[in-house]
Novice: 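Structure incoming, see below.
Order of the sequence lines sets the chain letters (A, B, ...), proteins ahead of strands, with each chain counted from 1.
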Amino acid sequence: MVVPRDNDRVAELLWEYADLLSLQGADRFRIRAYENAARSVAGSSRDLSSLDLKALTSLSGVGKAIAEKIREWFDTGAIAELDALRAEVGAGVRSLLAVPGLGPKRAAAVHEARGISTVEELRAAAQKGQLRDLPGFGAGTEEKILKATETVVGERRIGLGVALGLAEALVERLRDCPQVGEIASAGSLRRRRDTIGDLDVLVASTDPAPVMEAFVGSDVVTDVLAHGQTKSSVMTAEGIQVDLRVVAPEAWGAALLYFTGSKAHNVKLREMAIRAGLKLSEYGLFDGDRVVASRTEDEVYAALGLSWIPPTLREDRGEIEAALAGELPDVIELSDIRGDLHGHTDLTDGVASLQEMVRAAEAKGYAYYAITDHAPLLTMQRMTPEKVLEQRVAVRALEQRSRLRLLHGSELNIARDGSLDWPEEFLDGFDVLVASVHSHFDLPRDEMTRRLLRAIEHPCVNVIGHPTARRMGKRPAIDFDVEAVCKAAAATGTALEVNASPERLDLPDELARAAVEYGVKLAVSTDAHSIVHLDNMHLGVATAQRGWVRKADVVNAMPWRDLKRFLAKGRPASRRP
DNA sequence: GCCGTTTTCGGCCCGACTGTTTTCAGTCG
């Protein structure tokens with residue numbers, strides 16, 4: 001069993017604390033303090049277990065009281081006040097908050113009045129008509145709750161790749177509506193989070209009603225959750241909630257800013273506005289009734305004294321403070337990418353030939369491109385030294401006729417003990433080597449760390465592929481000492497990959513950020529197994545942006561001369577690419 | 001409970017939609 005990072009476990013405890021407080025009807029600002037702390041802890045790349053009280057309070061949103069609770073949990077394995085709260089509120093009641101439409105007030109009410117503490121009990125009570133008499137409830141509310149209990153299956157989030165496809169289709173469909181002016185998807189999709197809870201679509205129009213009608217009447221809609229004049233929510237056949245907001249064209253910028261989020265980013269902007277004697281909403285930045293800025297995001301940020309902040313950075317992880325100080329990182333852009341250092345052909349498990357992959361890479365306008373088919377220990381691939389040498393000859397011949405510089409490489413498997421597959425003397429014949437974990441995902445942290453360190457320290461390994469080995473929704477990240485791995489990678493000149501495959505996005509954003517803080521170089525690669533996968537590069541770039549990664553941190557944004565130096569690593573001089 | 005470029009006390013984002021309400025509370029994002 002893979003244990004979640006300590007930070008995530010602490011964040012979960014703080015979320016639970018906030019939920020229990022809300023069920024008790026506690027002061028809402030106190031609740032928010034715990035939520036803010038949970039977000040801050042989850043987003044921090046520092047290892048909380050090693051921090052003392054003073055260091056803990058240096059995290060934003062963490063003060064003395066919460067720092068003590070965190071320390072208590074690390075020291076004793078429990079938080080006394082949390083246990084007390086659990087006992088007071090009652091077991092299971094928190095699970096009711098997962099039911100859409102049932103917030104803390106109503107959840108507490110059904111528990112108080114009917115002794116309900118599970119979603120199943122809630123459904124049964126709704127079916128028997130036992131909720132409608134409660135104060136503030138009614139037949140309509142009961143009906144909604146009943147319906148909601150049928151759909152609740154925990155939080156379901158979809159991968160970024162799937163979400164982008166759905167959103168694009170929906171936007172195209174709405175564009176046919178003549179009343180639609182500007183249209184864009186916003187929310188966590190625009191911020192390019194690795195998973196997406198629901199889709200947010202924003203439309204500028206002077207005539208919202210027909211747009212709303214077209215939206216809720218669309219044939220992909222299976223359920224209308226809300227249908228107002230400027231805001232509607234629907235459920236699609238895929239089980240994805242989509243929210244549509246329609247705003248006046250002159251409010252486009254303020255609305256796009258607002259609906260892109262994140263919530264924490266917005267709250268901070270609004271607090272800044274208040275301090276300046278202004279008010280910020282989705283309709284604009286106001287001085288009393290006078291509009292100060294609203295038409296573009298740029299204008300709104302500028303009026304608050306900030307430069308425009310890329311959506312991928314809007315997570316309240318210091319970007320606002322950085323913008324204020326004029327120190328926003330100049331994050332990597334897709335156009336900075338000069339080549340792709342991880343890709344497969346039909347020699348192993350790819351579906352396109354070497355020639356096809358190279359032609360597609362040429363069409364991308366790259367300066368260089370690496371072929372890195374699997375090595376033999378991934379037994380399903382049936383690779384042999386003869387085959388890979390034959391491929392090398394083909395690559396060299398192809399390069400003669402290509403304007404691309406072609407690198408012949410391989411993706412090695414990092415065995416349980418950290419050893420690699422090809423015979424040792426064979427390895428320095430490759431131009432580039434990616435080494436990845438493909439098995440034994442559940443080793444204890446120390447063993448996993450030693451395994452990765454051994455691969456990193458190998459003189460021929462240039463890139464650690466998909467370092468956490470996570471598969472979105474399928475397999476959690478492997479557990480290793482981030483600091484030790486990053487320090488070794490930085491010291492040896494080994495890049496860590498930001499794998500752009502939408503089911504991986506690995507390194508994840510926060511770890512990418514930690515890595516560059518340790519001075520590690522990154523390789524943003526598609527791991528393409530077909531021609532279309534080469535198009536995923538933008539997802540890797542977006543993930544890197546979310547990790548505050550600059551062009552200078554990325555080896556495949558380097559000109560060939562510099563990349564060549566990087567790839568030489570510890571290879572004998574005569575065998576360097 | 002946290003926080004500080006007017007603050008160590010007194011603030012803490014803002015608005016839409018729904019259902020049960022004759023003016024608003026709860027929920028959501």
Novice: Side chain of A/Ala33 only, heavy atoms from C-beta on: which candidate in B/dC12, B/dC2, B/dA16 is closest?
Specialist: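 When the side chain of A/Ala33 is considered, B/dC2 is the closest of B/dC12, B/dC2, B/dA16.
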Novice: Expressed in angstrom and rounded to an integer, what is the separation of A/Leu285 atom CG from B/dC14 atom C1'?
Specialist: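 So the two atoms are 13 Å apart, to the nearest Å.
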Novice: Which whole number of Å gives the distance between the P atom of B/dC2 and that of B/dT6?
Specialist: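 Each nucleotide's P atom is 23 Å from the other's.
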Novice: Check every strand shown and say whether A/Ser233 touches a base, only sugar-phosphate, or nothing at a heavy-atom separation below 4.0 Å.
Specialist: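 If one applies the 4.0 Å heavy-atom cut-off, A/Ser233 turns out to touch nothing in the nucleic acid.
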Novice: Choose from B/dC2, B/dC13, B/dT18 the nucleotide whose nearest atom is closest to any side-chain atom of A/Lys144.
Specialist: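 Shortest atom-to-atom distance from the side chain points to B/dT18.
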Novice: Can you figure out which of B/dA16, B/dT20, B/dC14 approaches the side chain of A/Thr141 most closely?
Specialist: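 Comparing B/dA16, B/dT20, B/dC14 against the side chain of A/Thr141, the answer is B/dT20.
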Novice: Do A/Val267 and A/Asn36 have side chains that get closer than 4.5 Å, going by heavy atoms?
Specialist: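 No. Closest side-chain heavy atoms not under 4.5 Å.
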Novice: Which part of the nucleic acid, if any, lies within contact of A/Lys268, taking any heavy atom under 4.0 Å across all strands shown: a base, the sugar-phosphate backbone alone, or nothing?
Specialist: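 The residue A/Lys268 makes no contact with any strand.
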Novice: Could you tell me how far B/dT20 sits from B/dA25 if I compare only their C1' atoms? Round to whole Å.
Specialist: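 Rounded to whole Å, the distance is 9 Å.
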Novice: Touch check for A/Ile274, heavy atoms < 4.0 angstrom, all strands: base, sugar-phosphate only, or nothing?
Specialist: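 Contact class for A/Ile274: sugar-phosphate only.
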Novice: Would you mind classifying the nucleic acid contact of A/Ser232 as base, sugar-phosphate or nothing, using non-hydrogen atoms under 4.0 angstrom?
Specialist: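 Counting heavy atoms under 4.0 Å across all strands, no contact is made by A/Ser232.
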Novice: How far does CG of A/Leu328 sit from CG of A/Leu306, to the nearest 0.5 angstrom?
Specialist: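 With rounding to 0.5 Å, CG (A/Leu328) is 9.0 Å from CG (A/Leu306).
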Novice: Regarding A/Leu269, tell me which of base, sugar-phosphate or nothing describes its non-hydrogen contacts under 4.0 Å with the strands shown.
Specialist: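 A/Leu269: no heavy atom of the nucleic acid under 4.0 Å.
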Novice: Classify the ring geometry between A/His265 and A/Tyr301 as parallel (under 30°), tilted (30 to 60°) or perpendicular (over 60°).
Specialist: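 Ring orientation, 0 to 90° scale: perpendicular.
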Novice: With sugar-phosphate meaning primed atoms plus P, OP1 and OP2, does A/Tyr258 contact a base, only sugar-phosphate, or nothing at under 4.0 Å between heavy atoms?
Specialist: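 Base contact.
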Novice: Taking a pair as Watson-Crick or G-U wobble with both distances under 3.5 Å, which nucleotide is matched to B/dG26?
Specialist: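 B/dC17 is the nucleotide pairing with B/dG26.
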Novice: Look at all strands and tell whether A/Ala139 reaches a base, only sugar-phosphate, or nothing, counting heavy atoms closer than 4.0 Å.
Specialist: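 Sugar-phosphate only.
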Novice: For the side chain of A/Ile66, counting heavy atoms from C-beta on, which of B/dC2, B/dA16, B/dG29 is nearest?
Specialist: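 From the listed options, B/dC2 comes nearest.
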Novice: So if I take every side-chain heavy atom of A/Lys263 and compare against B/dC13, B/dG19, B/dC17, which nucleotide ends up nearest?
Specialist: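 Nearest to the side-chain atoms of A/Lys263, counting from C-beta on, is B/dC13.
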Novice: If you check the A/Arg106 side chain, which of B/dC14, B/dG29, B/dG26 turns out closest?
Specialist: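 Looking only at side-chain atoms, A/Arg106 lies closest to B/dG26.
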Novice: Is A/Asn36 touching bases, backbone alone, or none of the nucleic acid, heavy atoms closer than 4.0 Å?
Specialist: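 Nothing, no nucleic acid heavy atom in range.
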Novice: Scan A/Lys105 against the nucleic acid and name what it touches under 4.0 Å (heavy atoms): base, sugar-phosphate only, or nothing.
Specialist: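 Sugar-phosphate: the residue A/Lys105, judged by heavy atoms under 4.0 Å, touches backbone atoms but no base.
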Novice: Determine the Euclidean distance between corresponding C1' atoms of B/dC17 and B/dC12; express it in Å to zero decimal places.
Specialist: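 So the two C1' atoms sit 25 Å from each other.
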Novice: For A/Arg28 and A/Asp243, find the nucleotide of DNA chain B closest to each by heavy atoms; which residue's nucleotide sits nearer the 5' end?
Specialist: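 By nearest-heavy-atom nucleotide position, the 5'-most residue is A/Arg28.
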Novice: Tell me whether A/Ser188 contacts the main-chain N or O of A/Arg193 through its side chain, where contact means a donor paired with an acceptor under 3.5 Å.
Specialist: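 Not confirmed, A/Ser188 side chain does not pair with A/Arg193 backbone.
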Novice: Would you kindly give the CZ-to-C1' distance between A/Arg32 and B/dG11, to the nearest whole Å?
Specialist: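 Between C1' of B/dG11 and CZ of A/Arg32: 11 Å.
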